Every structure is written in structure tokens, then in C-alpha cells.
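Read the structure below first, then the notes.
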Number of protein chains: 2
Amino acid sequence: MEEENNKKITIADVAKLAGVSKGTVDRVLHDRGGVSRKSMEKIRQVIDELGYEPNVYASMLAMRKEHVIACILPDSIKDDYWYLVREGFEKGGENIASMNIRTRIFLYDQYSPESFRKAGMQLLESNPSGVVLPPFFKNDTYTLANALSLRGIPYVYVDSKLEDDGHFAYYGMPMYKSGYLCARLLTLRVPQKQLKGVLVVRIIRDKMRQSDPTLNRRSGFLDYMAEYYPSCGIHNLFIDPQAPKDTERQLNTFFKAHPGIRHIVMFNSRVHLLSDYLSRNPDPDRVVVGFDNLEKNISALSSGLVSVLICQHTDLQSYNAVMALSDYIIKHKRPERKDNFMHMDILTSLNIDNY
Amino acid sequence: MEEENNKKITIADVAKLAGVSKGTVDRVLHDRGGVSRKSMEKIRQVIDELGYEPNVYASMLAMRKEHVIACILPDSIKDDYWYLVREGFEKGGENIASMNIRTRIFLYDQYSPESFRKAGMQLLESNPSGVVLPPFFKNDTYTLANALSLRGIPYVYVDSKLEDDGHFAYYGMPMYKSGYLCARLLTLRVPQKQLKGVLVVRIIRDKMRQSDPTLNRRSGFLDYMAEYYPSCGIHNLFIDPQAPKDTERQLNTFFKAHPGIRHIVMFNSRVHLLSDYLSRNPDPDRVVVGFDNLEKNISALSSGLVSVLICQHTDLQSYNAVMALSDYIIKHKRPERKDNFMHMDILTSLNIDNY
DNA sequence: TTTATTTTCGTGCACGTGCACGAAAAATTT
DNA sequence: AAATTTTTCGTGCACGTGCACGAAAATAAA
């Protein structure tokens, strides 16, 4: 459409054709004010007449500001769920390092809202050009989001998302659907009358975190079961991640009481907590479905203890978030879609390579 | 590790500390010769002493050359396999357009090696800075790859790969494994004695293309079947994509002769060719497994005609290829791994969204 | 009309690198 | 030693944009 004939159009070209100086063109390009209505209109017209597009390189070179993309995260051990988020963020950081955009991570204690607020303050002080924001404590996340909005700093939700429309983008998983899919994979090709019952293993957690996305997943799961296996019993077992011994004992007693049940599911990312029990009580007909590609889960999958993992490329979420922000910083481009739901990947022992 | 204290190190800094001019530093940075051994060593030393890293923006700004990334592709109709490759390539193109790197596609007729050679010549004439190269005609692809090597132009294989180590990178699928996985998904939770037989639908194709990657997939499939269902019969049916009527008739006669068979598989990307027959002869117990996320396949999946699709994110392959090449052009960085095998995605009707 | 104030705009340098041109230094030939 | 060739190197401009400084023009106040 535009004339591709030769050279790129520069600010100087626009200036000449509009009969002003490049300084003035620059002013309208950046809405910096101090331009008469008449010149502005003329310049605007010339700009899209020529199809002017700014030169990213020259722009970044001239603009000395050092950009920082920040992320606030629970201080997690390795191979935790949040560690995946972190890895993706850092991967993105490496990618844009040569673009002169730095990344910074602000950690907090996931059992202390106080520490979250503190980390949030530090994040604000670092004056970032963009923020990756996985919601944890609902209210405090709101507060932080508002503070960012106020300063005109774009923030991207990952993992889950608050009811807030001021965000720059969102990368996460369709939680409800993932539960639905989970139920399907758990019961695939199992006739109705043959399904004796299902065990849902859950975690005793303190209620600090006001919003737990896996609850939606649970709804999806229960809805599927109600639809296709209405008479199937759903048993809940609450375990404590800190006490593996107890877990194994609890499972033992449960299965002694319900020998017919061979379908197990966990809605959070810690299905690997069952590994000990499962490996000590092998059963070829058992089906175990879990979530998320933690290393421990992956190895449980490849050793056959877990049948299927449903993954959401947790690391890709934060990676995409970083890239979207850097694209905005560099090219002033927004992502195609504001809310991006990741694909649900089905992992079995046969396709875990190259994930 | 390096001192982050303040400013970025520039060529001028290096020059001063090495006691030379920036021109000389530039010469060693680009291996342009004309530098005495002594100065060179000194400069090299200073460079990694200071941890100098070139400024991408300044570099690209100063270097006026217009970069082109090219791709050579079969001239395909929409919703063909190659169309996915093309989409990914173009997507990558949009992404780097603002970086002043253009993309160009050279099309050829997939039934004419002659046209491939012609397109290859044109590609060379366009003097690209990088090439995305899906092998088709084996020998001619070799010839082209050699020509590129000779000119120092990096080329990236996608889809499949020749036995050639001069390539810059490779993005493709583990074909053998995908066949293995396919067999598993086809027979999942089916007891040995219950499996009456399997139908493999294949395509009569002219043998122009000397290398057909789906043959590897077939081996993987057969190996799995031989291992887990040694007595299961594998039937082959050859159809002509140009003659849908014949296809339907062939399928009808086949299933009249083998009423017990309900497991169907296709190794190429055209499982949608079976849609007509399948929709006219519904059978809830039938299992159909195919490959690749063509639009037509996707809709066959979501309408329940096809049970499972194994996908390799064909578009991501060429997309990644473009990004890898642009990263090399801009930042002189090579991808982490030379040969990259894509993940095999398992698609069912429940997780086709957001793919 | 003159002066003060505000609005509008032009000029010019800086950003860090690539590269051409030609000068200086070293090596070779005469 | 002088002249010539080759090697080595320094200088300076260009790339396109951002922004500060101050000048010019327009407007308001005297």
C-alpha cells in the first residue's frame, strides 16, 4: 500500500513536507504539547500520508532511560509452582538484556501479607517500566495494581487475574475447563458402572490467600463428574505437605477402607506428594491425574506413578508477560489480545520430552 | 559479577584503556583484519576485562543494510500443511518488521522440482541474511543448502532435516516418537484380545519427493503395535485426495469386509479427508487418530469425528526459525540448541481452544 | 505604542557504532 | 639512505531520534 520504493521515511522528511522543524514533529509524535493546532493537524496529516514509522533503534539509542521490568513473587523453594513462574520471567529477562531492559524480582513470604506489602513498596520505588503480577493476596494485590495504574505503569497478570480491567494483559489458564478436562482424562473409556469412586487429595492450607484459583478447577471437575458419572462417589482427603509420613499413613488407611477405588486426582501442582505412597503400593490399573510441570511431577510421570499431567506452560506465561511488556516499551505495541488463555497441554510418559 | 555500578561500557572506553582509537577496536570486534597482533591481544583483554557488550541499537542504526529473511515453500492452498508453515513465517515477519528486517517467501510448485530450483535461484538473488528451509526435494534442497553455506548465509531447517551439519538450526518434530505415541493413544486402555485390527489410511502420492518424513512416523507406530499388540492386524488403504467420492466408497467396502475394526489412523496431516465417511457412518466406539492442527482437522476433532490429534505446532516451527535468525542478525546470538524438537501436543475436543 | 508574558517553534548536540578515507608507521625494495 | 609498498591505525561523518535551550512569534497587559 505504501510506497516501498526506496528509503525509510524519517522525522526530517515529515518536517520538511509539513514546513516545520523536526523538533516540532517530535513534539506531536510524543504528545508533548506546545504545538499550535494548525501545525499539529498538518503534521499529523503528513505523517500518515507518508506512512512514517519511527526507527526503533534510533529511538532507543537516543532515549537514555534505563528500563526495568519487575515481578513480585512468593519466595519459593526450587521446584515449587512459583519457581516455574520465576524461571519464565528470568528467561524473558535474558532475552531482552541485550535490548538494555533489566528485570528485577521482588520476593515476599507467602505466609505474610505484611511482607507482600513491603515488597510491593520496594517494587514501586524501583520505578519500573512494567510489572509482571501474579495475584496472591487479593486485597493487597488490588492496592498494588491501583498504585501502578496511578503512575501509568503497565502491569500484566499471570497465573490468575483479579476483576480489574486496568491491566495491560493477562496470561493464564482457563481453570474451570482444566478441571473438566481433568475429569475426562481420569475416566477416559471407563464405563459408568465400572467406576467405583474417585479420590480427591487436597491440601490443608491456611486461609491467608483469599483467592485460590484451583477452586474453579474443582468446580469444572465436579460438573463433569455430575454429568457423566452422577452416581460416582467423590472422596476428599486432606494432607499436610510438611508431613509426608502422615500423608502415606492417611492414604494407606483410606485405601484399606476403599479397596475398589483406583482413580486419584489433585487440583494443585503437588501431585508429586503422592509419589512415596504410589511407588510403595504399585497398581497397574490405577489412574492418577495431576497438574503442572514441576520437575518432581515430571519424574513421577515418567516413572509411571502419575498417568497424566495437565500443564499450562507456567513458565511461558511469565515469559510472554515479559515479552509483551518489552514490546510495549520498545515498539509501543500492545499484544493482540488483552486476555490470553494458555493452551492446556496433556502430558503422558510418551510426550514429556522437549516440553 | 561485572561491576554494575553505573554506565554501560562503550567502544570508546575500551579504546582509551587499550591506548588505541575506537576504529581499531571496531576492527577487532568485527575481525576485519589490519590490526597488529600486539594491539589485538591488548584490546581483546580489555574487552573482557571491562565486560564490554555492544549496544544493539547503535549497531543496527549505524549499519544501514536492509536485512531480508527468506523462505522457500510449496505453493499451497489454504488449510494445507504448508500453509501452517507459511503462517508461522509470516507471523514472525510481522514481529520483526519494526526491527527493519523484512521477510520474503519464494513459492514453487510441489510437483515440479524444476520450479523449486527456479525459486531457489530467485531466493539467492534476493541476497537474504537468513533462510528458513523446509526440505522437500532432497537433492535440490542439498544444492540450495550448499549454495547458502558458500555465501555464509545461515539457514534453518524446519519440518524435517537433511543429513547435513551446516545448518544454523533445526525446528521440527520427532517423527518416530510421534508414531509411537499415536499407537498408544489409539489403543489406550484397550485389552489385547479386544483389538480386532487397525486401519491405516494412506495416500497415493507420486514419488517426486524423495524423502517423506511420515515414513519414520509409520515405523514408530508399527514398532509400538508389534510390541504391545503383536497379533493385531494392520490394514492399509490407499486413497486419492483428489477423489473424495472414491475415498468414501473404498472405506465403505473396507468396513463391510471388516466390521470389527474401529481403530483408524492416518500418518500425514490429512485425516480430515475421512470426515465425510465418518460423519455419514457414526459409531461411538470408533477411535480415529490423526496429525497436525489444520483447520479442517480441528473442526473434525471438535465435532467428534476424530478422537485425537497429535500436533507439533507447525506454525511455531517456522516462527521460531524466523526469530532465531533475527536474533542472530541483530544480536549475533545463536540459539541455545542447534536441533530443537518440538513438543508433541495431544489435542482432544476438550483442549482445542487457545491452541 | 511599548512592554511583559505566553505560546510556539528551530537549532544543535548527544546517544554508540560502522565504515570510508587517508595519514602514520613499519617493512621491503631500490 | 631514499623510495616504494604494505601494514597499521586515527579521524570524522552518518545513522534517526530525544530533548534542552533559547529565539521568534503571538498574545496580553501597560
Side-chain angles (χ1 to χ4, degrees), chain A residues 6-44 46-47 50-67 97-101 129 329-333, chain B residues 6-44 46-47 50-67 97-101 129 329-333:
Chain A
N6 252 353
K7 291 292 160 196
K8 271 284 194 177
I9 286 97
T10 74
I11 284 190
D13 298 326
V14 176
K16 189 156 48 165
L17 208 72
V20 295
S21 78
K22 65 198 185 75
T24 309
V25 176
D26 182 74
R27 270 181 276 269
V28 337
L29 280 176
H30 295 84
D31 288 321
R32 197 125 25 86
V35 180
S36 69
R37 162 178 294 275
K38 208 172 51 154
S39 327
M40 198 170 82
E41 277 168 3
K42 177 69 179 169
I43 290 170
R44 285 253 161 81
V46 172
I47 281 177
L50 293 184
Y52 166 78
E53 295 226 350
N55 181 318
V56 185
Y57 304 117
S59 173
M60 289 301 281
L61 177 59
M63 189 172 47
R64 255 93 62 75
K65 179 165 168 26
E66 184 188 56
H67 290 283
S98 60
M99 298 292 183
N100 232 351
I101 302 179
S129 305
I329 294 172
I330 298 180
K331 316 181 203 163
H332 304 281
K333 271 189 185 155
Chain B
N6 252 352
K7 291 290 159 198
K8 271 283 193 177
I9 286 99
T10 73
I11 285 190
D13 297 327
V14 175
K16 188 155 50 168
L17 207 73
V20 294
S21 78
K22 66 200 184 77
T24 308
V25 177
D26 182 74
R27 270 180 276 268
V28 336
L29 280 176
H30 297 81
D31 286 322
R32 200 131 17 91
V35 180
S36 69
R37 160 180 294 275
K38 208 174 48 158
S39 330
M40 197 170 82
E41 278 167 2
K42 177 69 181 167
I43 290 171
R44 285 252 162 79
V46 172
I47 281 177
L50 293 184
Y52 166 79
E53 297 227 348
N55 180 316
V56 184
Y57 304 116
S59 172
M60 289 300 283
L61 178 60
M63 188 172 47
R64 251 95 60 77
K65 181 166 167 26
E66 184 189 55
H67 290 283
S98 61
M99 297 290 181
N100 233 352
I101 303 178
S129 306
I329 294 171
I330 298 180
K331 317 181 202 163
H332 303 282
K333 273 191 183 153

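All values below were derived from every heavy atom in this structure, side-chain atoms included, with hydrogens, water molecules and symmetry-related copies excluded. What you see is a predicted model; the values in this text were computed from it and never measured. Order of the sequence lines sets the chain letters (A, B, ...), proteins ahead of strands, with each chain counted from 1.
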With respect to the phosphate group of C/dA26, does any side-chain polar atom (N or O) of B/S36 fall under 4.0 Å of OP1 or OP2? no
Give a yes/no on whether any side-chain N or O of A/Y52 is located under 4.0 angstrom from OP1 or OP2 of D/dT17. yes
Please indicate whether A/K65 has more than 12 foreign heavy atoms, meaning atoms of other residues, nucleotides or ligands, lying under 6.0 Å from its NZ. yes
Return the nearest nucleotide to the side chain of [X]; candidates are [options].
X: A/K22; options: C/dG16, D/dT8, D/dG18; answer: D/dG18
X: A/A62; options: C/dC9, C/dG18, D/dT17; answer: D/dT17
X: A/I11; options: C/dG16, D/dT11, D/dG18; answer: D/dG18
X: A/S39; options: D/dG18, D/dC9, C/dC9; answer: C/dC9
X: A/V20; options: C/dC9, C/dC21, C/dG10; answer: C/dG10
X: B/T10; options: C/dG18, C/dT17, D/dT17; answer: C/dT17

For the CD atom of A/E66 and the CG atom of A/N100, what is their distance to the nearest 0.5 Å? 7.0 Å
CE on B/M60 to CD1 on B/I101, rounded to 0.5 Å: 5.0 Å
What integer distance in Å separates [X]:[atom1] from [N]:[atom2]?
X: A/M63; N: C/dC13; atom1: CE; atom2: P; value: 22 Å
X: A/K65; N: D/dG18; atom1: NZ; atom2: P; value: 15 Å
X: B/H30; N: C/dA20; atom1: NE2; atom2: P; value: 12 Å
X: A/K331; N: D/dT17; atom1: NZ; atom2: C1'; value: 18 Å
X: B/L61; N: D/dA14; atom1: CG; atom2: C1'; value: 9 Å
X: B/R32; N: D/dT7; atom1: CZ; atom2: P; value: 17 Å
X: A/K42; N: C/dC9; atom1: NZ; atom2: P; value: 14 Å
X: B/D31; N: C/dG18; atom1: CG; atom2: P; value: 12 Å

The residue, A/M60 or B/T24, whose nearest nucleotide of DNA chain D is more 5′ is B/T24
Side chains of B/K42 and B/K38: does their closest heavy-atom pair fall under 4.5 Å? no
With a 4.5 Å cut-off on side-chain heavy atoms, are B/V25 and B/Y52 touching? no
base_contact_polar (C/dG18 base, B/R27 side chain, donor-acceptor, <3.5 Å): no
Across the strands shown, which category fits A/N55 at heavy-atom distances under 4.0 angstrom: base, sugar-phosphate, nothing? sugar-phosphate
